[in-house]
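Only one structure is covered here, and it is reproduced in the block below.
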Protein chains: 2
Amino acid sequence: MPLPNAAPSPFRSREERERDREEKREAVLRAAVRMFNARGFHATSLDDVAASLGISKPTIYHYLGNKEQVLIECVTRGLELLSAAADTARAQPGDGLARLRSVLRSYALVMMDDFGRCVVRTGDEFLSPEGAALFRARKRAIDLSIRALIEDGIADGSIAPVDVRMTAFTLAGALNWPGRWHAPDGPLTPSEIADAMVDILIGGLAPRT
Amino acid sequence: MPLPNAAPSPFRSREERERDREEKREAVLRAAVRMFNARGFHATSLDDVAASLGISKPTIYHYLGNKEQVLIECVTRGLELLSAAADTARAQPGDGLARLRSVLRSYALVMMDDFGRCVVRTGDEFLSPEGAALFRARKRAIDLSIRALIEDGIADGSIAPVDVRMTAFTLAGALNWPGRWHAPDGPLTPSEIADAMVDILIGGLAPRT
DNA sequence: TCTCCTATATACTCGTCGGTATATTGATTA
DNA sequence: TAATCAATATACCGACGAGTATATAGGAGA
């Protein structure tokens, strides 16, 4: 049993050092994603990112190989949030429509997160062919998740017999949009925005007779 | 009365020369907008644009003062298409919902045009502060047009009493999306895509009882 | 203690690209 | 015909920014 050690030792164990390293990597990514979102990828230099953290550019290269890698990690984090949203909500109880509603809500919330925004603000054209292919594959998986849910809903009668493919595009398009306009200091909370959008998409505009 | 002149003269009149000039400007803009859409603004050099037309960079500077000006003209063309879509459809007969439907359809179609796409692919961050302000003002005007139409529809009972602001955002978001993914050589025509999206947005997903 | 690895910095290279200075040609006009 | 203007090119400048070569300092392990 390890002795309790009140005064923290300045000597770090292997795990502590690895955790430190991971923390620094994360800090770089957070700083980078914010600047990418605010000014655009090409308009953000790694010198800027480094300066915002009070470090120098080679330090960034030490933790993340090159500029594209930084972007890819940011986008990947966002895509993982999106996948997680789709997967957990899909596993919930309820009919297709209820589960879809839950996924859409989570999706919208992710789009108001720094990493989520980054997904929608990053065009394929910023990535190398390999990076872009990976990016597309992961987005496609999310799209398929949503389509599956729509199909479930149509099968159980909770969703009208719509065109699944176009519906998934339309829903995703609408929910991606906050990633471009939402400002975190606006009057509405992300949760309110998500609810309002989902209601409109689920219910449509024409009055129920 | 001017004599009919069978053989076209190599000497151009003032109007002809002005028309020539205008045509060349347009050609530059069309070439530029395509490359901006395909590769992104920052990744497209004016040397590339010039080369694609078989001319040299200073010729572009002769017709359009600088690179931002090229982008602004492209975006402005797209915004004008959007405004025109909103204004003409608004003037049509029918209740609020019918007119909104018509505007949404036209809006979606513009988003599958080169200049329309450019609007949605161009972030504020690419423009100078003045350019961005102009851009935002024109987008706001279009948003207000759509909101007015939704309000009309609510007033005449053809649209359910939704949150006008959020609804306008949601609709615009969904319809902007084709500007990012639609490929002109896809299996569906722009017209089919526009119809499908509008139906989904107007009707919602839950089955009508 | 000597060596090696990690973290970090300074100072550099080099390619790209927006923008310009300047020359040329040919048509328009006085 | 001389002067001017429009249209275009070649060749250049200067800035910026990705990425690297190299040095240093200090902890880790033998």
Side-chain angles (χ1 to χ4, degrees), chain A residues 8-29 31-32 35-36 38-74 122 125-128 131, chain B residues 8-29 31-33 35-36 38-74 122 125-128 130-131:
Chain A
S9 157
F11 299 92
R12 322 235 149 239
S13 72
R14 162 171 293 255
E15 305 89 55
E16 279 173 325
R17 269 186 286 122
E18 272 174 13
R19 199 165 39 76
D20 271 18
R21 190 183 166 87
E22 204 45 47
E23 225 171 79
K24 291 180 185 172
R25 246 177 94 97
E26 285 289 327
V28 171
L29 291 177
M35 294 185 86
F36 290 163
R39 311 191 200 168
F41 177 67
H42 286 297
T44 303
S45 76
L46 290 188
D47 277 315
D48 292 340
V49 176
S52 84
L53 289 164
I55 63 177
S56 71
K57 184 169 53 172
T59 300
I60 295 183
Y61 279 84
H62 182 68
Y63 288 101
L64 295 146
N66 58 34
K67 197 184 179 188
E68 190 189 358
Q69 200 56 40
V70 177
L71 180 61
I72 286 181
E73 294 256 358
C74 291
T122 300
E125 65 270 11
F126 294 163
L127 270 37
S128 65
Chain B
S9 157
F11 299 93
R12 322 234 151 241
S13 72
R14 162 172 293 254
E15 302 90 58
E16 277 172 327
R17 269 184 285 124
E18 271 174 14
R19 196 164 42 74
D20 271 18
R21 189 182 167 90
E22 203 46 46
E23 226 170 79
K24 290 179 186 170
R25 245 177 96 99
E26 285 290 327
V28 171
L29 292 177
V33 79
M35 294 184 86
F36 290 164
R39 311 191 199 165
F41 177 68
H42 286 299
T44 303
S45 76
L46 289 188
D47 276 315
D48 292 339
V49 176
S52 84
L53 289 164
I55 62 177
S56 72
K57 183 169 54 169
T59 299
I60 295 183
Y61 279 83
H62 182 67
Y63 289 100
L64 297 146
N66 60 32
K67 197 184 180 190
E68 190 191 356
Q69 199 57 41
V70 177
L71 180 61
I72 286 181
E73 293 254 359
C74 291
T122 301
E125 65 270 13
F126 295 163
L127 269 36
S128 63
E130 309 84 58

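Predicted, not measured: the structure shown is a model, and the values here were computed from it. Only heavy atoms go into these numbers, but all of them, side chains included; no hydrogens, no water, no symmetry mates. To find a chain, count down the sequence lines: A is the first, B the second, and so on, and within it residues start at 1.
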(request) Kindly indicate, with the supporting measurements, whether the criterion side-chain contact (heavy atoms from CB on, under 4.5 Å) is fulfilled by A:L64 and A:L29. (result) CA-CA 9 Å; A:L64 295 146; A:L29 291 177; 3.9 Å; yes

(message) Nearest to the B:S45 side chain among C:dT10, D:dT10, C:dG18, which nucleotide is it?
(response) C:dG18

(request) May I ask you to verify whether the side chain of A:K57 and the base of D:dA18 hold a donor-acceptor pair under 3.5 Å? (result) yes

(request) Please report, rounded to the nearest Å, how far the P atom of D:dC16 is from the CZ atom of A:F41. (result) 19 Å

(request) Using atom types as modelled and distance alone, determine if a side-chain donor or acceptor of B:E68 lies under 3.5 Å from a backbone N or O of B:S128. (result) yes

(request) Scan residues 47-54 of chain B against DNA chain C and write down, sorted by residue number, each residue with any heavy atom closer than 4.0 Å; if none is found, say none. (result) none

(message) Working to the nearest 0.5 angstrom, can you tell me the gap between B:I55 CD1 and B:K24 NZ?
(response) 9.5 Å

(message) Could you tell me how far apart A:K24 (NZ) and C:dT8 (C1') are, to the nearest whole angstrom?
(response) 9 Å

(message) Can you tell me how far apart CD (A:E125) and NE2 (B:H42) are? Round to the nearest 0.5 Å.
(response) 11.5 Å

(request) Starting at OG1 of B:T122, measure out to CG of B:L127 and round the result to the nearest 0.5 Å. (result) 7.5 Å

(request) Check each residue of residues 59-70 of chain B for a non-hydrogen atom within less than 4.0 Å of any atom in DNA chain C, then write out the ones that pass by number, or none. (result) B:Y61, B:N66, B:K67

(message) What is the distance, to the nearest angstrom, from the CD atom on B:E23 to the C1' atom on D:dA6?
(response) 17 Å

(request) Please confirm whether B:K67 makes a cation-pi placement over B:F41, using NZ or CZ under 6.0 Å from the six-membered ring centre and within 45° of the ring normal. (result) yes

(message) Using only atom types and a distance under 3.5 Å, with no angle test, would you say the side chain of B:R25 pairs donor to acceptor with the backbone of B:Y63?
(response) yes

(request) Round to the nearest Å and state the distance from B:L46 atom CG to D:dT10 atom P. (result) 17 Å

(message) Rounded to whole Å, please give me the gap between CZ in A:R25 and P in C:dT6.
(response) 15 Å

(message) Using the side-chain contact (heavy atoms from CB on, under 4.5 Å) definition, which of the options B:I60, B:V28, B:T59 pairs with B:L53?
(response) B:V28

(request) Please check if the side chain of B:T44 supplies one atom and the backbone of B:M35 the other of a donor-acceptor pair under 3.5 Å. (result) yes

(message) Is there a side-chain contact between A:R21 and the phosphate of C:dT6, meaning an N or O under 4.0 Å from OP1 or OP2?
(response) no

